Novice: 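Sharing a structure, written as structure tokens. Questions coming.
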Amino acid sequence: MSTAIELRGIEKNFAMTSVIRNVNLAVAQGERHALIGPNGAGKSTLFNLISGYMLPTSGSILLRDEVVSGLPPYQINRRGLSRSFQVTNVFANMSVWENLRCAVLWAAGHRYSFWKNIDNLPEIRERTARILEDINLTGRRDVPAGLLTYAEQRALEIGITVAGGADVILLDEPTAGMSHAETERAVALIRRLTEGRTLLIVEHDMSVVFGLADRISVLVYGQIIASGTPEEIRGNQKVKEAYLGEEAA
Amino acid sequence: MSEMASSAAPPFPTATEKLKFYGLWAAAVIALLLLPRIFPSGGSLTTFSLIGISIVFSLSYNILLGQTGMLSFGHAVYYGLGGFLVIHAINIIGANKLPIPLPVVPLIGGLTGLLFAVLLGWVSTQRSGTAFAMISLGVAELIASSALILRSFFGGEAGISANRTKVFRIFDWSFGPQIQIYYLVAAWTLIAVIAMYALTRTPLGRMCNAVRDNPERVQFVGYDPHVVRYLAFCFSGFFAGIAGALAAINFEIANSAYLGAVQSGTVLFATYIGGVGFFIGPIVGAIFVTILSLGLSDLTQVWQLYFGLIFIAVVVFAPGGITGLLMMHRPLLRAGTLARVLPSYLIALVPTSAMIIGLIVAIETIVHFTVHAGDDSHIKAFGVPFDAANRYVWAMAAILLVGGFLVARKTWARVAHAWDDATSGARAKGIAA
Ligand SMILES: Nc1ncnc2c1ncn2[C@@H]1O[C@H](COP(=O)(O)OP(=O)(O)OP(=O)(O)O)[C@@H](O)[C@H]1O
Ligand SMILES: [Mg+2]
């Protein structure tokens, strides 16, 4: 199977501290891959590097065998990689509908066009409506994103991420702060929306991780200490010591 | 599935909504045609022309400020360069008898504004926020000072003039009389307003809003916020150039004031006072500020000071501008709870007016003693004569100002109360306020 994302010898230093240390990782096309590890391990930093938000200090990142490290985020996004943020990052003064529509435009080929009436683009309307239904916010369509509840904003965050139809999706703790019921719904949603796509997900909820992931990598102090199937990770002694602990395993 | 999905989309406008929408534009056209019949005097035609120019200029400014979230301190550059180029163009057209009629000349101003925005905008739109604001100020200073150095093009202090009636004529219109200029300005204002409105409804227009809200996230949905800002800047320069061209045609002169800081400040002022959050905000602001500046400058010498006070008051008390204030009342109107706040407004109006009158008398008195200390103390402000040296006048001003404020504070609290009551009443009826 071909690889969707490949990290080769990635290092990231902030000033003098090294946050990511020689990370090598390959995520196969169509795989659901979970990235777990303690707080401050560097999971979000890794997402920032992959999505072009930050430059690696050294090493290279490949998206479907093409080097993307060094490209700006919008170039990487146009090549089919989309990410969500751990801290909700939406267009707060715009309605839910407008938020999703903005996330659909580029992928649908409308770019910077200023000669088309946006309300007269049936396929944009259709795609936006579909995402709106998928994330269950139909009833909140015209509400400014900044006024949504926390769980609704998290759903919108996921919606914006998948709206463009990117086939590599990075989700950074999508269920953080959600209630049990909300988490279950979010996981079902993620499962459905990433069907047939590649998913790299950071998640602290182990039931989510073991239920969703085909493979798991464990990041501790900026290093990947183990990578494998859920069973392999569950049985890994190093992982038990460093992160999962006895009771979770 | 797709049938279901469509039902989640906003409904298409109903026939009545469409009728309302086009009816509004039609009403605007009719109003533009009727205005000169109702107010045929030369003075009012000039005022209308100035308002039209200001509307185009303010709307062009709001493409930056309200739509894309860019605060420019140098927007007059594109207005002024448009104006200068048009004066030169009129002279060249007249001298060479080129078959270019006056009505298409504003396009030359627009293209000039566009050209300079294309040239100067790429670097400054790299960032929004402080960096953009500072660069806009720097560029404005640069252009304004070159206007005084490059005398052959800008005409130095005096500026350059042109005779618009020497241009190729169509339909036998000389464009000498103000009424013909009025129609020219009105037509271009209408075209520019429609074009700028349409721009907000395009993919680019929507991405401008997204860049305003969250430029960081925009990058992760495929857009380069720099390009979005740059394109917005170019459009803004184009329409500013049209406004400058209309001004140049109206006055038949262009001088360095066109490009200056005062002009840049005035457009910021008009746009902000009108309200940056609504498409019609800058239109309201342009009308308000043009009429106010024409009116105030007749009534008092320190009219700019009052402008400043109004601006501060809007920034502090009504950040949504006049339009924002009015729009706040829409849900109340729909819920029928507007009547709960109106009486409190009327009550607050009395002491607030007293306070403002006291303030005006105090300002005019101080101005008399600081600026014209040697002159006769019997002065006139806002058409009302009074003796600035009279202690009773001072006492009255102090009482109005302080007493008015103390009483007004109580009535403002009442307004706040009534407002809460009216909005919760609206919310109870399911109307978000
Ligand atoms: N921009 C930055 N500048 C300096 N240090 C940073 C920066 N971003 C992250 N760090 C540091 O890098 C380390 C890794 O942070 P990161 O956010 O990637 O962790 P994480 O694994 O996502 O943690 P969490 O589970 O809490 O989200 C932390 O020590 C953090 O303080
Ligand atoms: Mg994190």
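The structure presented is a predicted model; accordingly, all values stated were derived computationally and were not measured. A note on names: the letters A, B, ... follow the listed sequences, proteins ahead of strands, and every chain is numbered from 1.
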Novice: Run the numbers on Met94(A) and Arg212(B) for side chain to side chain contact (heavy atoms under 4.5 Å, CB included), then give the verdict.
Specialist: CA-CA 10 Å; Met94(A) 292 160 57; Arg212(B) 171 197 67 201; 4.3 Å; yes
Novice: So what's closer than 4.5 Å to chain B heavy atoms on Leu105(A): side chain, backbone, both or neither?
Specialist: both
Novice: Taking the side chain as C-beta and beyond, is there a heavy-atom pair between Arg125(A) and Phe12(B) under 4.5 Å?
Specialist: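 Yes, close enough: below the 4.5 Å cut-off.
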Novice: So what's closer than 4.5 Å to chain B heavy atoms on Arg83(A): side chain, backbone, both or neither?
Specialist: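 Both backbone and side chain.
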Novice: Using only atom types and a distance under 3.5 Å, with no angle test, would you say the side chain of Asp213(B) pairs donor to acceptor with the backbone of Asn93(A)?
Specialist: yes
Novice: Go through Lys116(A), Arg127(A), His110(A), Arg141(A) and name the one with the most non-hydrogen pairs under 4.5 angstrom from chain B.
Specialist: Arg141(A)
Novice: Answer with side chain, backbone, both or neither: which region of Phe235(B) has an atom nearer than 4.5 Å to a non-hydrogen atom of chain A?
Specialist: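 Contact with chain A: side chain only.
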Novice: Looking at every heavy atom in both Ala8(B) and Ala129(A), which two are closest together, and how far apart are they?
Specialist: CB-O, 3.9 Å
Novice: To the nearest 0.5 angstrom, please state how far the CG atom of Leu204(B) sits from the OH atom of Tyr112(A).
Specialist: 9.0 Å
Novice: Would you kindly say whether Gln219(B) and Tyr53(A) are connected by a side-chain donor-acceptor distance under 3.5 Å?
Specialist: no
Novice: Just give me the residue among Asp224(B), Val218(B), Val228(B), Val221(B) that pairs up with chain A most often, heavy atom to heavy atom, under 4.5 Å.
Specialist: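 Most heavy-atom pairs within the cutoff with chain A belong to Asp224(B).
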Novice: What are the residues of residues 191-201 of chain B, in order of number, with any heavy atom under 4.5 angstrom from a heavy atom of chain A?
Specialist: Leu199(B), Arg201(B)
Novice: Could you give the distance from CD (Glu98(A)) to CZ (Arg206(B)), rounded to the nearest 0.5 Å?
Specialist: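 Spacing of CD (Glu98(A)) from CZ (Arg206(B)) equals 4.5 Å.
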Novice: Report yes or no: does Arg111(A) contribute a side-chain atom to a donor-acceptor pair with the main-chain N or O of Pro203(B) at less than 3.5 Å?
Specialist: no
Novice: Above 12 or not: heavy atoms from other molecules or residues under 6.0 Å from CZ of Arg79(A)?
Specialist: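 Yes, the 6.0 Å shell around CZ holds more than 12 heavy atoms from other groups.
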Novice: Flag this pair as yes if the NZ/CZ of Arg217(B) is under 6.0 angstrom from the six-membered ring centre of Phe91(A) and inside a 45 degree cone about the axis; otherwise no.
Specialist: no
Novice: What do the steps show when you test Phe220(B) against Ser82(A) for side chain to side chain contact (heavy atoms under 4.5 Å, CB included), and what is the final call?
Specialist: CA-CA 7 Å; Phe220(B) 295 93; Ser82(A) 186; 5.9 Å; no
Novice: Under 4.5 Å heavy-atom distance to chain B, tell me which part of Thr128(A) shows up: side chain, backbone, both or neither.
Specialist: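 For Thr128(A), there is no contact with chain B at all, as no heavy atom is under 4.5 Å.
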Novice: Below 4.5 Å from any heavy atom of chain B, which atoms of Ile160(A) appear? Answer side chain, backbone, both or neither.
Specialist: both
Novice: With a 3.5 Å cut-off and no angle check, do the side chains of Glu216(B) and Asn89(A) form a donor-acceptor pair?
Specialist: yes
Novice: Given the rule in the side chain to side chain contact (heavy atoms under 4.5 Å, CB included) test, do Thr202(B) and Trp115(A) qualify, once you have shown the distances and angles that lead to the verdict?
Specialist: CA-CA 7 Å; Thr202(B) 64; Trp115(A) 51 88; over 6 Å; no
Novice: Hey, mind stepping through Arg78(A) and Tyr223(B) against side chain to side chain contact (heavy atoms under 4.5 Å, CB included) and telling me if it holds?
Specialist: CA-CA 9 Å; Arg78(A) 290 172 198 169; Tyr223(B) 282 86; 5.5 Å; no
Novice: About how many Å separate CZ of Phe114(A) and SG of Cys208(B), when rounded to the nearest 0.5 Å?
Specialist: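 Between atom SG of Cys208(B) and atom CZ of Phe114(A) there are 11.0 Å.
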Novice: Could you tell me which portion of Val90(A) (side chain, backbone, both or neither) has an atom closer than 4.5 angstrom to a non-hydrogen atom of chain B?
Specialist: backbone
